[in-house]
Amino acid sequence: MAEEKVHRVALIGCGDIAQTGHVPSLLAHKRFKIACLCDNRPERTKLLAAQAGGVETCNDYRLLLNRKDIDAVILALHPEVSVDVAIDFLRYGKPVLDEKPLATNLNDAKRLIKVVEESKGVYQIGFVFGYADPIHRLGQMARQLGTPALYRVALRDEIVDRSNTEHFNRIQQILRHSAAITHEGSHVVDFVKHWNASPYTQVQARAIKTEPDFAGPNVWLARYDMADGSVLEVEVAWFLPAFLPCEVSIEARGGSLRYDLSAGMGELRTRNKVEPFQLSPLSQPWARQLDGFAASIDAGRSLTAPIQRGWDALAATTAAEESVATGQPVAVRSFESQRV
């Protein structure tokens, strides 16, 4: 049996998600080796280089585009800048694993899709929760309950702490350039597809700012109609003063389900039977995401999270943004529609 190739990776973007997720998982994975860490903030690259055992660093990703000793790249960047970086690397033939969301708007997403298709490059969107055991176990139960169904998912995260100015300013930047529903809600509209693959057709959304100086709404509620008659309600809450549970509920003709994503405890009701169950709390299985990236590089195409998943999530969440702006329901654009 041939020995599996070790892929030399450049990590572009050295913020919190790189420090807590990407770097530790790359160091532990047998199929990857960190070739370079890149960020326009030298203090960040220096910090992560020490964490990674003294790897090479640079502060301009363009210096890496034509490097023959770099096999692939991982982008841990804000979506307002990641699109052009991904395009540049794809044009140089480098496979790309790109943190969600795909972009901040559909026009930028179209530009990226065009390059992925023209280059026939490997592009994988970074929906890491899609690899988590609880999401797939819940999918088995959801299919047991049947459709049409009412799905409710609440993700509450990013507690407000004004004394932590770095974190406060980072979330403010996200709220200024995009929206909490697009950053956090994109996870939900993506992983619910493991429970019910029916397309989203339209959304009605509401959002509020709980403090006047927040750069954008920090609490969102979006109601998605699905083609099979099902409904998904997504709540996203950021910058609240205390952590609240992240929760899932499902109602359908076959029964109902309640699950606490944070604690891993749930209850399934079918007919007259009540079954408590326990799963692992929702976590980010970085190693499995890298398994998928390695397999995709080997195959020459994205196997686990192709760019269509990025479009589907972005189309759903930017439609929610438009619904809040107009006060009206908004149709969710399909992947096929972006080709017109």
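Heavy atoms only: backbone and side chains are in, while hydrogens, waters and symmetry mates are out. Treat the numbers as computed from the prediction; the structure is a model and nothing was measured.
Using a 4.0 Å cut-off between charged nitrogen and carboxylate oxygen, Asp190 and Lys100 do not count as a salt-bridge pair. Under a 4.0 Å N-O distance rule, the pair Asp88/Lys94 does not qualify as a salt bridge. A salt bridge is absent between Arg258 and Glu267; no separation between the charged side-chain nitrogens and carboxylate oxygens falls under 4.0 Å. The existence of a salt bridge linking Arg309 and Asp312 is excluded, since no basic side-chain nitrogen approaches an acidic carboxylate oxygen closer than 4.0 Å. A salt bridge between Asp69 and Lys33 is absent, with no side-chain N of the basic residue lying under 4.0 Å from a carboxylate O of the acidic one. We find that Arg44 and Glu166 are joined by a salt bridge, their nearest charged nitrogen and carboxylate oxygen being less than 4.0 Å apart. Taking a cutoff of 4.0 Å between a charged side-chain nitrogen and a carboxylate oxygen, Arg162 and Asp213 qualify as a salt bridge. Looking at Glu235 and Arg156, a side-chain N of the basic residue comes within less than 4.0 Å of a carboxylate O on the acidic one, giving a salt bridge. We find that Arg223 and Asp225 are joined by a salt bridge, their nearest charged nitrogen and carboxylate oxygen being less than 4.0 Å apart. Of the charged side-chain nitrogens involved, none lies within less than 4.0 Å of a carboxylate oxygen, so that Glu322 and Arg333 do not count as a salt-bridged pair. Under a 4.0 Å N-O distance rule, the pair Arg31/Asp291 does not qualify as a salt bridge. A salt bridge links Arg8 with Asp71; the closest basic N to acidic carboxylate O contact falls under 4.0 Å.
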Quiz item: Run the side chain to side chain contact (heavy atoms under 4.5 Å, CB included) check on Glu158 and His167 step by step: do they pass?
Solution: CA-CA 9 Å; Glu158 308 295 354; His167 178 262; 2.6 Å; yes

Quiz item: What's the verdict on side chain to side chain contact (heavy atoms under 4.5 Å, CB included) for Val6 and Lys30, showing C-alpha distance, side-chain angles and the deciding distance?
Solution: CA-CA 7 Å; Val6 175; Lys30 66 179 182 179; over 6 Å; no

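Phe129 places a side-chain heavy atom less than 4.5 Å from the side chain of Leu282. The shortest distance between side-chain heavy atoms of Ile74 and Ile12 does not fall below 4.5 Å. In this structure, the side chains of Leu90 and Leu112 come closer than 4.5 Å at one or more pairs of heavy atoms.
Of all heavy-atom pairs spanning Ala103 and Ala109, the tightest one is CB-N, 3.9 Å. Counting all heavy atoms, side chain and backbone alike, Tyr224 lies closest to Ala316 at OH-O, 2.7 Å. Summarising the geometry of Ala287 relative to Ser25, their closest heavy-atom pair is N-CB, 4.5 Å, with the distance given to 0.1 Å. Here the closest heavy-atom approach between residue Ala18 and residue Leu48 is recorded as CB-CD1, 3.9 Å. Here the shortest heavy-atom pairing between Pro134 and Ser280 reads CG-O, 3.0 Å.
Interatomic distance, CG of Asn105 versus CD of Glu321, reported as 9.5 Å (0.5 Å rounding). Expressed to the nearest 0.5 Å, how far OH of Tyr151 lies from CH2 of Trp195 amounts to 8.5 Å.
By the 6.0 Å contact criterion, CZ on Arg269 is open, its count of non-hydrogen atoms from other residues, nucleotides or ligands being 12 or less.
Aromatic pair Phe191/Phe127: ring centres not closer than 6.0 Å. Here the two rings, on His78 and His177, have centers that are 6.0 Å apart or farther.
Side chain of Thr45 to main chain of Leu37: no donor-acceptor pair is present (N/O by atom type, distance under 3.5 Å, no hydrogens or angles).
Between Gln338 and Trp311, the side chains place no donor N or O within less than 3.5 Å of an acceptor N or O (distance only, hydrogens not considered).
Hydrophobic clustering, with ILVMFWY side chains joined whenever heavy atoms are under 4.5 angstrom apart, groups Val188 together with Val332.
Other residues sharing a hydrophobic cluster with Leu221 under the 4.5 Å side-chain heavy-atom criterion for ILVMFWY residues do not exist; the residue is a singleton.
Ring orientation note: the planes of Phe32 and His7 are tilted relative to one another, at an angle of 30° to 60°.
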